[in-house]
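Just so it is clear: chains get the letters A, B, ... in the order the sequence lines come, proteins before strands, and each one is counted from 1.
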Number of protein chains: 2
Amino acid sequence: MRAGKEAEAVAAAESDRAKPTRRRMTSSTGRPRSEEAHQAILDATLALLAEVGFSALTVEGVAQRAGVGKATIYRRWSSKLPLVVEAFGALPGFEDVDAGSLEQDLKETLKKYLEAFNTTALGTVFPSLAGERAHNPELSKMIEPVARARREPFVRIFERARQRGEIADDVDLGLAADLVLGPISVTLFFRGGVLSPRMVDPIVDLALSGISKRN
Amino acid sequence: MRAGKEAEAVAAAESDRAKPTRRRMTSSTGRPRSEEAHQAILDATLALLAEVGFSALTVEGVAQRAGVGKATIYRRWSSKLPLVVEAFGALPGFEDVDAGSLEQDLKETLKKYLEAFNTTALGTVFPSLAGERAHNPELSKMIEPVARARREPFVRIFERARQRGEIADDVDLGLAADLVLGPISVTLFFRGGVLSPRMVDPIVDLALSGISKRN
DNA sequence: GGATTACGATACAGTACGTTCCGTAATCAA
DNA sequence: TTGATTACGGAACGTACTGTATCGTAATCC
């Protein structure tokens, strides 16, 4: 479940973790860093992010929850920002689903989407970080590729559908993805509502066929 | 521009302001509360909400920005929560637009929508509050009617369209509203992007006609 | 076994919060 | 006009919590 596909992709963008890692390579002596502590810190970060949100999250709180000293955290991450970004990037990603038709692809992928939002910290962490972006450009920049990656599977689904001839050539694939994801986003942000897998089929049906009456 | 339609509707739900107001009615003597200070406080709250977000907002900061003492604020609101709710509720609402056709109604209303998001604090305040809802049930409950009111005009547009026979009887009007609002929400939250009025026409066209190729 | 680095725990200084009190200003009643 | 009452902006107070530095201990390499 943990550590989705884009986790590695994100690692490349983590200038912060790279630095201490490189420094360690210079001197291979001394006590090695505990991998358990590393994982415990990331887990605690996600849990607290879900509970109290980004701005109320403190390094001290993470240390307490993870059962480590604060210094252990600051030795690896310069501040809570890169720590949060890495923890968020480690949340599960989404694999491509190719069920043969546009409709089935969308429905299956969306259901996996909602399940992930409901069963992991994603459902609470994502809105919190999204809300923070408006006031924190640095966080916004670091989160951007991770957020974009979560929309990518849908763009690919529509690319395949176009190749199959299921949609017209002039349809904006990005807009199509936004149209399908939209009601989820509205439910999550505008209404703070529950994401039920039952909402998937009506969304896809309506988005594909359109709202207007067909003549 | 300021003080939209739902401002009054919200006032009813403000248990907090009601209390001191009632207490004042008991004794009509003494120096009256400054209406200027009241407005300055609300303005400052909105400005700071847009700049730093909900959790970083402090009553002290509001007092400084508004040029009033902290006591003046605490005399009217018991905490920053009802203060924020009232300030948010005072943001502009949306009037119904009846341009004669579903397509025109949607396009004109959406363009007003985006304009409001871009020219007022709504664009930054709304995501911040939405993100906070997950961790603050009290805020969530108080914001809910205000957030719902912002979707209402679209539901009414679809109701009129159904009466005109422009859409089928079995279309879920709420879902239709979410479908049209969706790409805006995705742009705002998932991508932290800019809301350009030019995105409106493609959204409406695609939502009305559907993504699938028509045969 | 000595050098080196990481570990958890704690102590420290600094910041900023919400609350409370102050003297002053504005309104009403007598 | 005077006294009572309430609101005003400003400032002081105690508290809570932050990031950093430092402690003795533990684990690894040469």
Below 3.5 Å is the cut-off: list the nitrogen or oxygen pairs between protein and nucleotides 13-15 of chain D, distance only.
none

Applying ring-ring contact (aromatic ring centres under 6.0 Å, His included), can you list everything that pairs with F117(B), at least two apart in sequence or on another chain? Y113(B)
Taking only residues two or more places apart in sequence, or in another chain, which ones meet F54(A) in a ring-ring contact (aromatic ring centres under 6.0 Å, His included)? none
Among residues two or more places apart or on two chains, list those pairs meeting salt bridge (charged side-chain N to carboxylate O under 4.0 Å, His left out) that have a residue in residues 127-145 of chain B. E144(B)-R148(B)
The helix from dG1(C)-dC30(D) to dA30(C)-dT1(D): angle between end helix axes, five pairs per end, rounded to 10 degrees: 10°
Suppose we screen for side chain to side chain donor-acceptor pair (under 3.5 Å). Which residues come up paired with T187(B), at least two apart in sequence or across chains? none
Closest to side chain of A37(B), choosing from dC7(C), dG18(C), dC8(D): dC8(D)
Only counting residues at least two apart or in another chain, list the ones meeting side chain to side chain donor-acceptor pair (under 3.5 Å) with S185(A). S185(B)
List the steps, then state whether salt bridge (charged side-chain N to carboxylate O under 4.0 Å, His left out) holds for D98(A) with R156(A). CA-CA 10 Å; D98(A) 195 342; R156(A) 283 199 292 268; over 6 Å; no
The residue, G67(B) or Y74(A), whose nearest nucleotide of DNA chain D is more 5′ is G67(B)
Contacts satisfying salt bridge (charged side-chain N to carboxylate O under 4.0 Å, His left out) that involve residues 54-63 of chain B (not counting sequence neighbours) are E60(B)-K70(B)
Output yes when a side-chain donor or acceptor of T45(A) lies under 3.5 Å from a complementary backbone atom of I41(A), and no otherwise. yes
Any pair counted as salt bridge (charged side-chain N to carboxylate O under 4.0 Å, His left out), so long as it reaches residues 175-204 of chain B, sequence neighbours left out: D178(A)-R191(B), R191(A)-D178(B), K111(B)-D201(B), R151(B)-D178(B)
Members of residues 49-63 of chain A that approach DNA chain C, where some heavy atom sits under 4.0 Å away: none
So, are R65(B) and E51(B) salt-bridged, with charged N and O less than 4.0 Å apart? yes
Would you say the side-chain atoms of T124(A) pair up with the backbone N or O of A121(A), donor to acceptor, closer than 3.5 Å? yes
Return the set of residues passing ring-ring contact (aromatic ring centres under 6.0 Å, His included) with F88(A) (not counting sequence neighbours), or none when no residue passes. F126(A)
Kindly give the atom pairs (protein nitrogen or oxygen, nucleotide nitrogen or oxygen) under 3.5 Å for nucleotides 21-25 of chain C.
{"residue": "dA25(C)", "atom": "N3", "partner": "R31(B)", "partner atom": "NH1", "Å": "3.2"}

Using a cut-off of less than 4.0 Å, is there contact between a side-chain N or O of T72(A) and OP1 or OP2 of dG8(C)? yes
